[in-house]
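Below: the structure, in C-alpha cells.
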Amino acid sequence: MKIFLRFIFHFISVIGLLAFFMLFIYILLAQLITNFMISPHYFHIYAAIIFGISFVIFAGLYSWYVIQPMIYLISWIKQLSQGKLEKPYKKTYLPSLKKVIPKWLRKSTQYFEELEDHMEQLTYTLEQNKRLQKQLDQSKREWLSGVSHDLKTPLSYLKAYSSLLLSSDYKWSEEEKSNSLKIIYEKSLNIESLIEDMNLLFQSENGDLLVSLKDVNIIDFVENIVIDMANSPLAEGYNLSFETNIFSLHMKIDKKLMNRALSNLILNAIVHNPPGTDISISISYNEDMNIYIKDNGIGMDEDTLEHLFEKYYRNSKYNRSHSSGLGMSIAQSFIVSNGGKISVISKINEGTSIKINLQDTNNY
C-alpha cells in the first residue's frame with residue numbers, strides 16, 4: 001500500500017510538471033501574439049499542436065520508463081513459476097533517459113527497486129528451501145538404506161541362532177543356550193525399536209500424535225525408567241546412577257511420550273559409548289524442573305551437535321546398529337509436546353550433557 005501511495009503521489013507530481021510546461025507554452029504563444037509574430041487566428045491551432053506533441057512525447061517516454069521495470073519483474077515472477085530460482089538478466093531500455101529525466105523524476109524506479117529487493121529475498125528463500133529439501137531427500141534415502149541394513153543384520157542373527165538352537169546335531173549347554181537367547185532378545189529389541197520409531201515418525205509428520213496429560217509423580221516416574229534401562233541387557237557393563245534433590249513432585253505429562261523420550265536419550269548414552277562409561281541421571285527443582293542425563297563417554301563433534309535433532313540424520317562416525325537416526329528427533333518432539341525444552345552440550349572425549357526443562361504445571 002505504501003508503494004502504491006508513493007507512486008500515485010509521484011504520478012501527480014509528474015502531471016503537475018506537465019501542466020506547468022503547458023502553461024509556459026501558453027504564455028509564450030500569448031507573448032508572440034502580442035508582438036504580432038503569429039496571427040491570433042492560428043493561436044489555438046499552434047497551441048493544440050504543441051500541447052499534443054509535447055504530451056505524447058512526454059507521456060510515451062515516461063510511461064516506457066515506468067513500464068520497463070514492471071516488465072522485468074513480471075518476467076522474474078514467470079521465471080520463478082517455472083522453477084528457475086535465480087535472478088534473470090536485467091536489460092536496460094533507453095538508458096540515456098536517466099541523463100535526460102531529472103533525478104527527482106526518476107524516484108519512481110526506487111519503488112520498483114524496493115520490489116526488486118523483495119523479489120531477491122523471495123528468490124533466495126525459495127532457493128534455500130529447495131536446497132534443504134534436496135538435503136532432506138538425500139538424508140531420507142541414506143536413512144532408508146541404513147534402516148534396511150539395520151533390519152537385515154538382526155534378522156540374520158535371529159535366523160542363525162534360532163536355526164542352531166533347533167538343530168538336533170548338537171547338544172547345547174545351558175550357558176550356550178542362555179547366551180544365544182540373549183542375543184536373540186537383543187536383536188528383537190532392535191527390530192522392535194526401529195519399527196516403533198518409524199511408526200512414531202509417521203504419526204508425528206501426519207499430525208496424528210495425541211498428547212494425553214495426566215498427573216504423575218515425576219520423581220518416581222524417572223527413577224523407574226532408569227531402573228528399567230539399568231536392568232536391560234544393553235546396559236550391561238555401563239554404570240547408571242540416579243540422583244535428585246527432591247523426592248516428590250507431581251506434574252502433568254504424557255507418560256507414554258515422556259517414557260519414550262527419556263528411554264531414547266538414555267539408550268543413546270549407552271549404545272554410542274563404550275562399556276565402562278558412567279551415565280548419571282539427575283533431577284533438580286527450582287521453580288522449573290530439570291532432568292540431566294550426563295556421561296563421560298566419547299562426546300560429539302560440532303557437526304553432529306548441529307544436526308543432532310534432524311530427522312534421518314545418522315553420523316557414520318558415531319552410528320551403531322542400534323541407532324535408527326530418529327531417536328533424538330522423536331525425543332525432542334515428545335519433550336516439546338509436553339511443554340518442555342531440551343538442550344545438549346558435548347565435547348570430544350569429554351562426554352555429553354543433556355538438559356530437559358519442564359515447567360511445573362501445578363503452579364499454573
Side-chain angles (χ1 to χ4, degrees), residues 140 143 147 150 188-232 234-235 240 242 244 246 248-272 279-285 287-295 307-314 322-344 352-364:
K140 282 185 177 180
W143 176 78
V147 167
D150 291 345
S188 64
L189 287 179
N190 188 15
I191 295 175
E192 181 183 33
S193 176
L194 288 171
I195 294 174
E196 189 172 353
D197 280 351
M198 288 187 284
N199 182 46
L200 292 171
L201 170 67
F202 295 143
Q203 288 181 2
S204 178
E205 289 186 340
N206 295 331
D208 298 331
L209 193 63
L210 300 178
V211 180
S212 177
L213 300 179
K214 294 183 179 180
D215 188 75
V216 175
N217 186 336
I218 194 70
I219 308 301
D220 293 340
F221 176 75
V222 175
E223 185 176 14
N224 289 331
I225 293 175
V226 175
I227 292 173
D228 289 341
M229 293 301 299
N231 291 328
S232 169
L234 295 174
L240 273 68
F242 175 73
T244 178
I246 185 172
S248 181
L249 176 64
H250 286 261
M251 300 180 67
K252 292 180 179 179
I253 62 171
D254 187 306
K255 291 179 64 176
K256 180 180 178 182
L257 299 185
M258 281 301 297
N259 189 312
R260 185 56 192 269
L262 294 175
S263 296
N264 275 2
L265 296 173
I266 298 173
L267 181 63
N268 275 348
I270 294 173
V271 301
H272 292 296
I279 303 172
S280 66
I281 298 88
S282 60
I283 296 177
S284 66
Y285 178 77
E287 294 185 358
D288 288 345
M289 198 273 296
N290 295 314
I291 303 174
Y292 297 92
I293 302 174
K294 300 180 181 179
D295 66 68
H307 301 283
L308 189 60
F309 296 110
E310 292 181 8
K311 293 177 182 177
Y312 314 113
Y313 180 73
R314 293 159 63 102
H322 295 284
S323 174
S324 65
L326 297 174
M328 294 300 292
S329 175
I330 290 173
Q332 182 191 44
S333 176
F334 290 176
I335 291 169
V336 171
S337 67
N338 278 271
K341 300 177 182 178
I342 181 172
S343 58
V344 181
T352 301
S353 176
I354 300 174
K355 177 183 177 182
I356 302 165
N357 174 264
L358 294 174
Q359 291 185 342
D360 185 358
T361 53
N362 288 329
N363 288 338
Y364 294 88

Can you measure from CG (N217) to NE2 (H250) and round to the nearest 0.5 angstrom?
4.5 Å

Quick one: side-chain hydrogen bond (donor to acceptor under 3.5 Å, both in side chains) partners of S263, sequence neighbours excluded?
N259

What closest approach, in Å, do S248 and I219 show between heavy atoms, and which atom pair accounts for it?
N-CG1, 3.9 Å

Once rounded to the nearest 0.5 Å, what's the spacing between atom CG of L262 and atom CG of N224?
12.0 Å

Which is it for M258 and L358 under the side-chain contact (heavy atoms from CB on, under 4.5 Å) test, yes or no, and what are the steps along the way?
CA-CA 11 Å; M258 281 301 297; L358 294 174; 3.9 Å; yes

For A261 and I335, which heavy atoms make the closest approach, and how far apart are they?
CB-CG1, 4.0 Å

Is any side-chain heavy atom of I279 closer than 4.5 Å to a side-chain heavy atom of M229?
no

To check you understand the geometry: which heavy-atom pair defines the closest contact between Y285 and L249, and what is its length?
CD1-CD2, 3.6 Å

Note, I253 side chain near F221 side chain (heavy atom, < 4.5 Å):
yes

Quick check for you: to the nearest 0.5 Å, what is the distance between I270 atom CD1 and H272 atom NE2?
11.0 Å

Check whether any side-chain heavy atom of I354 lies under 4.5 Å from a side-chain heavy atom of N268, and answer yes or no.
no

Separation between CD1 of I218 and NZ of K255, rounded to the nearest 0.5 Å:
10.0 Å

Heavy atoms, side chains only, cut-off 4.5 Å: are L240 and I227 in contact?
no

Assess the residue pair F309 and V344 against the criterion (side-chain contact (heavy atoms from CB on, under 4.5 Å)); give the C-alpha distance rounded to whole Å, side-chain angles, the decisive distance to 0.1 Å, and a yes or no.
CA-CA 10 Å; F309 296 110; V344 181; 3.7 Å; yes

Any L265 side-chain heavy atom under 4.5 Å of I356 side chain:
yes

Nearest heavy atoms of Q332 and I342, plus distance in Å
CG-CG2, 3.8 Å

Interatomic distance, I225 atom CD1 to D220 atom CG [nearest 0.5 angstrom]:
11.5 Å

Contacts of S212 meeting side-chain contact (heavy atoms from CB on, under 4.5 Å) (sequence neighbours excluded), chain-then-number -> K214, D254

Residue set satisfying side-chain hydrogen bond (donor to acceptor under 3.5 Å, both in side chains) with D228, at least two apart, ordered chain then number -> none

So which heavy atom on M289 is nearest to which on M251, and how close?
CE-SD, 3.8 Å

